[in-house]
Amino acid sequence: MTIRVGAAVAIMTSMLFVWPAESGVKVTATPSSLRQGDAGALIVTGVPDAKLIEGSVGDRPLIFFPYADGYAALIGVDLAAPTGSATWRVGWVDGAGNPRKAVGTIKIKSRKFPVQKLSLPGNLVDLDRVTEQRADREAAQLNTLYGMSSGERLWRGHFTRPVASTGPGEGFGARRIINGKARSPHSGLDYAAPTGTLVVAANRGRVALVGDFFFGGRTVALDHGQGLYTLYMHLDRVQVAEGTLVERGETIGAVGSTGRATGPHLHWGAQLRRARVDPAGLLALPLRD
């Protein structure tokens with residue numbers, strides 16, 4: 001299950017209730033506290049003979065995969081999640097064919113995002129009708145992609161930074177004011193780097209899309225499986241083709257300033273079953289297989 005929430009999330013409690021009572025079953029949220037835009041995991045142990053395991057957070061499904069001596073599912077909290085409590089549920093069928101379940105709650109708290117004020121040429125902000133239609137088509141194309149979820153998990157082990165940069169990525173969730181007008185929040189991290197700096201895949205995945213977009217410029221989207229995508233924008237050049245399976249650290253392109261950009265940098269985004277998550281959270285995931 002993925003949390004697609006819209007403001008902030010924090011798992012304030014890992015007190016889990018199993019019904020019917022099942023000795024040895026443990027469900028753990030990690031990290032124990034999640035904020036708006038974070039990624040985490042729900043780990044279930046003590047169910048060695050489970051024939052089927054599924055779950056949800058709110059009305060969003062979880063997709064579990066075998067992990068260590070149990071199962072795990074990624075949790076994604078959208079950067080605009082509403083505050084309050086969300087119920088998570090895990091259900092499984094034990095070795096004897098009996099249905100079991102565990103229930104808990106996640107408290108969602110707000111997260112403060114920076115405000116960025118930018119100045120851009122008017123033709124990149126106040127779009128003419130033809131350009132606006134193009135941008136709408138490209139946004140719809142990405143939205144359709146994010147709605148697709150393969151059952152196969154392609155990523156393995158830790159995620160890596162996609163570019164060598166002198167500083168950390170900046171700007172996730174920033175409320176942007178461009179030429180004095182409020183715009184949509186920034187849903188990725190920006191890494192400043194010279195044009196031509198190599199960009200690598202953050203983890204194993206399949207190249208789901210290669211495009212040249214009005215806003216994002218030359219763009220690569222990687223499908224890591226089970227509804228997790230990473231996005232690499234403003235590339236100077238692309239070195240992979242759609243359908244190619246790439247490994248973590250494999251070169252997929254180079255930093256540029258294509259599309260709507262004020263200078264050379266990489267925009268790195270992540271979506272987990274339509275939840276816009278901070279890619280930095282993928283770097284900190286505790287899952288290591």
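Everything quoted here is computed from the prediction, not taken from an experiment. We're numbering straight along the sequence, starting at 1.
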Worksheet item: Is it true that Arg111 and Asp38 have a side-chain N and a carboxylate O under 4.0 angstrom from each other?
Response: yes
Worksheet entry | Salt-bridge criterion met for Asp223 and Arg206 (N-O under 4.0 Å) |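 Salt bridge between Asp223 and Arg206, a charged N being under 4.0 Å from a carboxylate O: no.
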Hey, does the side chain of [X] reach the backbone of [Y] with a donor-acceptor pair shorter than 3.5 angstrom?
{"X": "Arg153", "Y": "Ser150", "answer": "no"}
{"X": "Arg273", "Y": "Gln226", "answer": "no"}
{"X": "Asp94", "Y": "Pro99", "answer": "no"}
{"X": "Thr197", "Y": "Val255", "answer": "no"}
{"X": "Asp278", "Y": "Ala39", "answer": "no"}
{"X": "Thr219", "Y": "Gly217", "answer": "yes"}
{"X": "Glu170", "Y": "Asp190", "answer": "no"}
{"X": "Arg248", "Y": "Ala202", "answer": "no"}
{"X": "Asp78", "Y": "Arg276", "answer": "yes"}
{"X": "Thr244", "Y": "Val207", "answer": "no"}

Under 3.5 Å side-chain donor-acceptor pair for [X] and [Y]:
{"X": "Tyr146", "Y": "Thr144", "answer": "no"}
{"X": "Arg237", "Y": "Gln239", "answer": "yes"}
{"X": "Ser257", "Y": "His265", "answer": "no"}

Discussion item. Just verifying a value: how many Å separate Arg137 CZ and Phe213 CZ, rounded to the nearest 0.5 Å?
Written reply: 11.0 Å
Same apolar cluster (I L V M F W Y, side chains within < 4.5 Å links), [X]/[Y]:
{"X": "Phe65", "Y": "Leu272", "answer": "yes"}
{"X": "Leu287", "Y": "Leu222", "answer": "yes"}
{"X": "Phe64", "Y": "Val25", "answer": "yes"}
{"X": "Val240", "Y": "Leu231", "answer": "no"}

Discussion item. Once you measure the plane-to-plane angle for Trp268 and Tyr191, does it fall in the parallel (<30°), tilted (30-60°) or perpendicular (>60°) bin?
Written reply: tilted
Worksheet item: In terms of ring plane angle, is the pair Trp155 and Phe159 parallel, tilted or perpendicular, where the classes change at 30° and 60°?
Response: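 Judged by the thresholds at 30° and 60°, the geometry between Trp155 and Phe159 is tilted.
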Worksheet item: Any chance CD of Glu138 has more than 12 other-residue heavy atoms, nucleotides or ligands included, within less than 6.0 Å?
Response: yes
